[in-house]
Amino acid sequence: MEPIEELRQQQLKKLEELRRQGIDPFPNDFRVNTTTAEIHRRFQDLPAEELEKVKDCFNLAGRIVSIRSFGKAAFFHLQDRKGKIQVYVKKEFVGEEALELFSCLDIGDLVGISGIIFRTKTGELTVRANEIKLLAKSLRPLPEKWHGLRDVETRYRQRYLDLIANPSVREIFYKRTKIIQLLRQFLDKRDFLEVETPMMHSIPGGAAARPFKTHHQALGIDLYLRIAPELYLKRLLIGGLERVYEINRNFRNEGLSTIHNPEFTLLEFYQAYATYHDLMNLTEEMLTSIAQEVLGEMKFSYQGQEIDLTPPWPRLTLLQAIENYGKAKAEDLLNKENAARFARKIGLELSGKESLAEIQVGIFDMIVEPRLIQPTFVTHYPREVSPLARVDEKNPELTERFELYIGGLEIANAFCELNDPLEQRERFNQQQERRREFEADEGLEIDEDFLCALEYAMPPAAGEGIGIDRLVMIFTDSASIREVIIFPQLRPK
RNA sequence: GAGCCGCUAGCUCAGCAGGUAGAGCAUCGGCCUUUUAAGCCGAGGGCCCCGGGUUCGAGCCCCGGGCGGCUCACCA
């Protein structure tokens, strides 16, 4: 017998004992009328004498997370979705039977209690139980009360234990939901329409990532989990919806890291008749309002670095950014040989097949990105790495595009949308050629249906994608994306 | 995919130079009617991640593997 099985058997024995006494260990007939947080909120500041006048009876349910038991009385902490409160069980109030039941209860069990409020000698707000009822018996021991659950692997694989044992984890997910609600409110207020576009695409598009492949039996076709919703949201611009957004999952069949999970949540929104300049302003407003609501201020620390979201945020071109942070002269980066030399100098490995644009972006990723701690818009990405973006009027090698960095993380990517169907076809062709050149195996299929849609005229527009998981990382001071994804991808054990 | 680190009781962690595997919490038994990391007395609990090797002897050393973490690579 495995050793853990011994503990389980002990619990099972208690469960049988309860059944023998005619007690259902898994009933559902207890009704709550408050929460732990509500009690704290109402009575937190009331002194003991005042509390005595409160005769209300409170019905609470939750998990027993600690017990301090004496012969004829006991204290325990009850944890519900809002927090914890101490409960006092004493023979003269609950009766002998209930006290006996209580002796069969364990840390980890779910119980309902009803009682009145008082303050103990040491001043802790406590519910004195008149009644205690088992609501669900636990058969396995909970992680330790003091240190919680530390083992990272167990925390992710058994997230429910993490949520029970580590209150800060629960906070992260409450905050995550709050942030998403605020994003929705922000966009709804500006007359954006929330939509849901397909998650299964017959041609993966809108980004350049390797997709997950699946198969539809009845249709007899292969499908791909989407890598981006972009091409569908643009179809809706063509359809006249003008302002649309989607908050949903995307799937990329790439490596995992502290900032990459194979499925991740992205907000994408598109606004007709707007430019990327408009979106920079909108993004500043959006994220500062979220900071205000979630953190109450513009300054906070992320992984030991002070971040200040007070607008306006610096706006630099990609080359300016390299110049500022990389100590390279912009003119040196305009020539492929020089750029490659500089790239090698800073330790970037080049195969020799890279284009100038790719080298520039490589340099940026290597030395600038990790140093963009304060919110910074980086603009004018090369056309070649931006096949869906409108080219810059002054320099056709660049695009009207920006990425936003905070805390060294890429948070947003936005651009004026290319709406010339002929140019879009040309860009797809160029992309396809380049892909053929380097990765013979993986072709790039052109989405003819999308090009057809573009020919019906898409309004000039700007669109943006914001990585929700990374945004939540910033606002919760999380070092890894797995801390903000409630069930991150792991290898099956 | 590569490098580095980790994996010991349900949980959190010790363990050394290679010499019978430890603590706290949790569990079980006893005492205890305001405790709060409750306390006191007693007890049980281990494939030391898995497999091979070296050795009289391996949790510890060597080789292979698994899972996780970090870094790198990949990643518009």
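All chains are named by letter (A, B, ...) in the order of the sequence lines, taking the proteins before the strands, and each is independently numbered beginning at 1. Just so we're clear, the structure is a prediction, and the values are computed from it rather than from any experiment.
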Ion pair Arg235(A)/Asp447(A), N-O distance below 4.0 Å: yes

P-based separation of G51(B) from C47(B) [nearest Å]: 12 Å

Sidechain N-carboxylate O distance under 4.0 Å for Glu423(A), Arg383(A): no

Under 4.0 angstrom, heavy atoms only, what part of the nucleic acid is Ser386(A) near: base, sugar-phosphate, or nothing? nothing

Partners of Arg119(A) by side-chain contact (heavy atoms from CB on, under 4.5 Å), sequence neighbours excluded? Ala48(A), Leu51(A), Leu125(A)

Using 4.0 Å as the upper bound for N to carboxylate O, is an ion pair formed by Lys137(A) and Asp106(A)? yes

So does Leu15(A) get a backbone contact from the side chain of Arg19(A), meaning a donor-acceptor N/O pair under 3.5 Å? no

When you measure from every atom of RNA chain B, which of residues 397-417 of chain A have a heavy atom less than 4.0 Å away? Arg401(A), Glu403(A)

Work out how far the P atom of A73(B) is from that of C13(B), and round it to whole angstrom. 31 Å

Taken in chain and number order and not counting sequence neighbours, the residues that satisfy ring-ring contact (aromatic ring centres under 6.0 Å, His included) with Phe43(A) are Phe58(A)

Atom C1', compared across C49(B) and C41(B): separation rounded to whole Å: 37 Å

If the threshold is 4.0 Å, N to carboxylate O, is there a salt bridge linking Arg150(A) and Glu144(A)? no

Who passes salt bridge (Lys or Arg N to Asp or Glu O under 4.0 Å) against Lys84(A), sequence neighbours left out? none

Does a side-chain N or O from Lys13(A) land closer than 4.0 Å to OP1 or OP2 of C28(B), or not? no

Nucleotide G45(B), atom C1' - distance to CD of Gln9(A) in whole Å: 14 Å

Please report, rounded to the nearest Å, how far the P atom of C32(B) is from the CG atom of Leu99(A). 13 Å

Please tabulate the protein-to-nucleotide N/O contacts below 3.5 Å involving nucleotides 8-10 of chain B, giving atom names and distances.
from   : atom 1 : to      : atom 2 : distance (Å)
G10(B) : OP1    : Ile4(A) : N      : 3.4

Is the side chain of Asp392(A) donor-acceptor paired with the backbone N or O of Asn395(A) at a distance under 3.5 Å, no angle test? yes

Counting side-chain heavy atoms from CB outward, which of G69(B), C75(B), G45(B) is closest to Val152(A)? G69(B)

Starting at CD of Glu153(A) and ending at C1' of C7(B), how long is that distance when rounded to a whole Å? 9 Å

Looking only at atom C1', what distance separates C25(B) and A9(B), rounded to whole Å? 12 Å

Taking Ile411(A) as the fixed residue, which of Ile406(A), Leu372(A), Ile468(A) is the one that meets the side-chain contact (heavy atoms from CB on, under 4.5 Å) rule? Ile406(A)

Closest of C74(B), G44(B), G68(B) to the Arg210(A) side chain is C74(B)

Taking the six-membered ring for Trp, are Tyr232(A) and His201(A) parallel (under 30°), tilted (30 to 60°) or perpendicular (over 60°)? tilted

Can you tell me, in whole Å, how much space there is between the C1' of G59(B) and that of U20(B)? 13 Å

Over how many whole Å does the gap from Asp151(A) atom CG to C49(B) atom P extend? 13 Å

Would you say the base of C11(B) and the side-chain of His147(A) have a donor-acceptor pair closer than 3.5 Å? no

Presence of salt bridge, Glu16(A) and Arg20(A), under 4.0 angstrom: no

Answer yes or no: is there a donor N or O on one side and an acceptor on the other, between the side chain of Gln360(A) and the main chain of Leu319(A), under 3.5 Å? no

Is there a Watson-Crick or G-U wobble partner for A43(B) with both distances under 3.5 Å, and if so, which one is it? U27(B)

In terms of the nearest nucleotide of RNA chain B, which residue is placed more toward the 5' end: Thr120(A) or Leu149(A)? Leu149(A)

Reckon Arg491(A) has a side-chain N or O less than 4.0 Å from the OP1 or OP2 of G66(B)? no

Sequence-distant partners of Arg341(A), side chain to side chain donor-acceptor pair (under 3.5 Å), two or more places apart: Asn338(A)

Decide, yes or no, whether a salt bridge links Arg425(A) with Glu448(A) under the criterion of side-chain N to carboxylate O below 4.0 Å. yes

Mind checking who G51(B) pairs with, Watson-Crick or G-U wobble, both distances under 3.5 Å? C63(B)

Which part of the nucleic acid, if any, lies within contact of Phe93(A), taking any heavy atom under 4.0 Å across all strands shown: a base, the sugar-phosphate backbone alone, or nothing? nothing

Of the candidates G44(B), U34(B), C67(B), the side chain of Lys121(A) sits closest to U34(B)

Sub-4.5 Å side-chain heavy-atom contact between Arg159(A) and Phe173(A): yes

Counting heavy atoms from C-beta on, name the nucleotide in A37(B), C74(B), U35(B) closest to the side chain of Trp146(A). A37(B)

Expressed in angstrom and rounded to an integer, what is the separation of Glu96(A) atom CD from U33(B) atom C1'? 14 Å

So, are Glu5(A) and Arg8(A) salt-bridged, with charged N and O less than 4.0 Å apart? yes

Give, ordered by number, those residues of residues 156-165 of chain A having at least one heavy-atom distance below 4.0 Å to an atom of RNA chain B; if nothing qualifies, reply none. Tyr156(A), Arg157(A)

Phosphate OP1/OP2 of U71(B): any Thr258(A) side-chain N/O under 4.0 Å: yes

Who pairs with Tyr381(A) by ring-ring contact (aromatic ring centres under 6.0 Å, His included), at least two apart in sequence or on another chain? none

Tell me which residues in residues 82-91 of chain A lie within less than 4.0 Å of RNA chain B, going by non-hydrogen atoms. Gln86(A), Tyr88(A), Lys90(A)

Partner of U34(B) under the Watson-Crick or G-U wobble criteria, both distances under 3.5 Å, comes out as none

For RNA chain B, find the residues of residues 60-75 of chain A with a heavy-atom distance under 4.0 Å and give them by number; none if there aren't any. Arg68(A), Ser69(A), Phe70(A), Gly71(A), Lys72(A), Ala73(A), Phe75(A)

Applying a 3.5 Å limit to both distances, which nucleotide forms a Watson-Crick or G-U wobble pair with A9(B)? none

Under the side-chain contact (heavy atoms from CB on, under 4.5 Å) rule, collect the residues that match up with Arg315(A), sequence neighbours excluded. Met280(A), Asn281(A), Glu284(A), Phe377(A)

Separation of G45(B) atom C1' from Gln11(A) atom CD, nearest Å, is 14 Å

Determine the Euclidean distance between corresponding C1' atoms of G6(B) and C60(B); express it in Å to zero decimal places. 15 Å

Test item: Met199(A) and Phe251(A) side chains (from C-beta on) under 4.5 Å apart, heavy atoms: yes

Any strand: nucleotide that pairs with C70(B) via Watson-Crick or wobble, under 3.5 Å: G3(B)

Within the structure shown, what part of the strands sits under 4.0 Å from Val385(A) by heavy-atom distance: base, sugar-phosphate, or nothing? base

Within residues 478-485 of chain A, which residues have any heavy atom lying less than 4.0 Å from an atom of RNA chain B? Ser480(A), Arg482(A)

Does Glu403(A) use its side chain to pair, donor to acceptor, with the backbone of Glu410(A) at less than 3.5 Å? no

Is a side-chain donor-acceptor pair under 3.5 Å present for Arg390(A) with Asn419(A)? yes

